[in-house]
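Bear in mind that the values here come from a model prediction, so they are computed numbers and not experimental data. First the proteins, then the strands, lettered A, B, ... as listed; each starts at 1. For the numbers below, each heavy atom of this structure counts, side chains included, while hydrogens, waters and symmetry mates do not.
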Amino acid sequence: METFNLALPHNFSFQSTVYSHGWIDLAPFAYDPDRRILAYHIIDPTGQTLQLAVEYSDDHSLQVQYDKGIRSYIKKVITRIFRLDEDLSGLYKLADESPQLRWIADKSVGRLLRSGSLWEDLIKMICTTNCSWVMTRNMITNLIIELSPGKAFPTPEMVAACDESFLRKKVKLGYRAPYISELAGNIIEERLDLEAIENWDGNDETLYRQLLQIKGIGPYAAGSLLKLLGFYRHPAPDSWSRKKFMQIFSLSEVPTDSEIEKHYQSYASWAGLVFWLEMTKDWYFRS
DNA sequence: GCGTCCAGGTCTACC
DNA sequence: GGTAGACCTGGACGC
């Protein structure tokens, strides 16, 4: 195994990023909470599967171990996963000005864990819709077991090569199979440019509408993907966070999405991230 | 053991 | 533009 260290932003928290949402629970991520090592597999552009292990180092850097591959590519992947190039100064300024939100800056939370690629994030997001978390986990695990011998998340080419009924029955994607099959085909045949989405520097509402054009991506999934792309305006609540909001604010019934949006609208471009952090605040105060 | 509900929603047809 | 019904699956729950 080879090793290198990656410098970190001063307000980076390894634990807060790892536990920022459910992605850590989905393969090919495998986290050892005792040793605090995050393992991950990814298929590089040459088609070989790389094995990575990431650990927080006391000198405030990430120690990255890898079995093979080009270091610059691995560095790019790790930077994407941990959001190392994300500028959250606006969020922390907002948090510093509010006693209610000060914990956000104190705990250095706000970096949402991502997969090694936007493609992987897209498929995982579709697999969170209209099902329990156990099913999401099973679908992602099945995709890897059935399609990718090296334990990494399969590429669009691997998915597009599969029969739709195989994806539906064997991988157990159910009615999501044609959506995911079509998405893989659109990427391969360059009808959908993931690079353009990944490097988006335009209006976030335009990007939101573009994401909604993808079959299987509705308001919840598009809003959640926007957060993973660094645009935090949309709360994009789901059934879990609606109930959590109801519990936190002692409401007698589940709030509507517009009620949630109204509650956070003063946070403007940070509204969606503040919403998610408030809903998950107890995660960061566990012993 | 069996039936029903619903989960980190979305799509389509219809009005 | 708003709404009803369908959609895979499997765990939880009531009976």
Side-chain angles (χ1 to χ4, degrees), chain A residues 18-27 29 109 112-115 120-147 159 162-186 192 205 207-229 231-249 251 253-261 263-264 271-284:
Chain A
V18 163
Y19 286 120
S20 57
H21 64 128
W23 261 209
I24 190 61
D25 195 33
L26 299 177
F29 284 124
V109 302
L112 304 178
L113 191 75
R114 300 198 288 195
S115 305
E120 190 176 319
D121 283 332
L122 269 167
I123 301 306
K124 284 177 173 173
M125 198 62 75
I126 292 174
C127 291
T128 65
T129 61
N130 195 31
C131 63
S132 62
W133 187 252
V134 174
M135 263 197 69
T136 299
R137 204 161 44 197
N138 287 344
M139 285 186 271
I140 299 304
T141 302
N142 289 343
L143 267 171
I144 294 168
I145 290 174
E146 299 294 340
L147 274 65
V159 172
C162 278
D163 191 65
E164 199 177 293
S165 65
F166 178 84
L167 294 174
R168 184 184 287 268
K169 300 292 181 188
K170 193 75 177 175
V171 183
K172 298 192 174 179
L173 296 178
Y175 69 88
R176 301 168 194 83
Y179 303 156
I180 288 171
S181 194
E182 182 183 319
L183 177 56
N186 285 341
L192 182 66
E205 290 306 309
L207 179 57
Y208 181 67
R209 285 195 293 276
Q210 186 169 330
L211 290 171
L212 287 175
Q213 298 301 309
I214 300 171
K215 287 257 183 73
I217 302 287
Y220 149 76
S224 299
L225 282 165
L226 275 189
K227 286 180 205 162
L228 296 187
L229 288 162
F231 300 97
Y232 302 109
R233 188 180 306 277
H234 289 265
D238 51 31
S239 56
W240 178 84
S241 55
R242 286 187 203 101
K243 280 182 189 164
K244 187 78 176 188
F245 184 93
M246 179 176 124
Q247 180 194 332
I248 289 172
F249 294 101
L251 305 178
E253 54 187 38
V254 178
T256 64
D257 291 2
S258 58
E259 284 169 340
I260 292 174
E261 281 168 23
H263 184 92
Y264 288 97
L273 188 52
V274 172
F275 162 69
W276 181 251
L277 294 175
E278 285 214 308
M279 295 308 102
T280 57
K281 182 177 178 182
D282 52 344
W283 297 4
Y284 303 105

K.L.:
Applying ring-ring contact (aromatic ring centres under 6.0 Å, His included) between A:Trp240 and each of A:Trp133, A:Phe245, A:Trp276, report the one that passes.
P.N.:
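In the set A:Trp133, A:Phe245, A:Trp276, the residue that makes a ring-ring contact (aromatic ring centres under 6.0 Å, His included) with A:Trp240 is A:Trp276.
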K.L.:
Between A:Glu182 (CD) and B:dC11 (P), how many Å, whole number?
P.N.:
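After rounding, the reported distance stands at 10 Å.
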K.L.:
Using a 3.5 Å limit on both pairing distances, list the dot-bracket string of DNA chain C from the 5' end; Watson-Crick and G-U wobble pairs count, crossing pairs take [ ], interstrand pairs take |.
P.N.:
|||||||.|||||||
K.L.:
So A:Ile126, base contact, sugar-phosphate only, or nothing? Heavy-atom distance under 4.0 Å.
P.N.:
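Nothing: the residue A:Ile126, judged by heavy atoms under 4.0 Å, touches no strand.
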K.L.:
Is A:Lys244 near enough to B:dG8 that one of its side-chain N or O atoms lies under 4.0 angstrom from OP1 or OP2?
P.N.:
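Looking at the OP1 and OP2 atoms of B:dG8, neither is under 4.0 Å from any side-chain N or O of A:Lys244.
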K.L.:
Considering just the side-chain nitrogens and oxygens of A:Lys243, establish if one lies under 4.0 Å of OP1 or OP2 belonging to B:dA7.
P.N.:
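The answer is yes; a side-chain N or O of A:Lys243 sits under 4.0 Å from OP1 or OP2.
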K.L.:
Considering only nitrogen or oxygen atoms on both sides, find all protein atoms under 3.5 Å from nucleotides 12-15 of chain B and state each distance.
P.N.:
none

K.L.:
How long is the line joining CE of A:Met135 and P of C:dC7, in whole Å?
P.N.:
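Distance check: A:Met135 CE to C:dC7 P gives 15 Å.
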K.L.:
Using the C1' atom in both, what is the distance from B:dG8 to C:dT3, to the nearest Å?
P.N.:
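Taking atom C1' in both B:dG8 and C:dT3, they lie 23 Å apart.
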K.L.:
Can you tell me if the side-chain N/O atoms of A:Arg168 get under 4.0 Å from OP1 or OP2 in C:dC8?
P.N.:
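Yes, A:Arg168 has a side-chain N/O under 4.0 Å of OP1/OP2 on C:dC8.
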K.L.:
Which residue, A:Val134 or A:Leu212, contacts DNA chain B at a nucleotide closer to its 5' end, judged by nearest heavy atom?
P.N.:
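The 5'-side residue here is A:Val134.
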K.L.:
Tell me: CG of A:Leu173 to C1' of C:dT9, nearest whole Å?
P.N.:
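Distance, rounded to whole Å: 11 Å.
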K.L.:
Mind checking the C1' distance from B:dC11 to C:dG10? Whole angstroms is fine.
P.N.:
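Each nucleotide's C1' atom is 22 Å from the other's.
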K.L.:
Should the pair A:Arg168-A:Asp163 be classified as a salt bridge under the 4.0 Å nitrogen-to-oxygen rule?
P.N.:
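No salt bridge links A:Arg168 with A:Asp163.
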K.L.:
Would you say a side-chain N or O of A:Ser132 is under 4.0 Å from OP1 or OP2 of B:dC6?
P.N.:
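Answer no for this pair, as no side-chain N or O of A:Ser132 is under 4.0 Å from OP1 or OP2.
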K.L.:
For A:Trp240 and B:dA7, do the ring centres fall under 5.5 Å apart while the planes stay under 30° apart?
P.N.:
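No; by the centre-distance and plane-angle rule, A:Trp240 does not count as stacking on B:dA7.
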K.L.:
Can you measure A:Ile214 atom CD1 to B:dG9 atom C1' for me and round it to whole angstrom units?
P.N.:
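Distance check: A:Ile214 CD1 to B:dG9 C1' gives 15 Å.
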K.L.:
Can you find a heavy atom in the side chain of A:Leu183 that is under 4.5 Å from one in the side chain of A:Ile126?
P.N.:
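Side-chain contact under 4.5 Å: yes.
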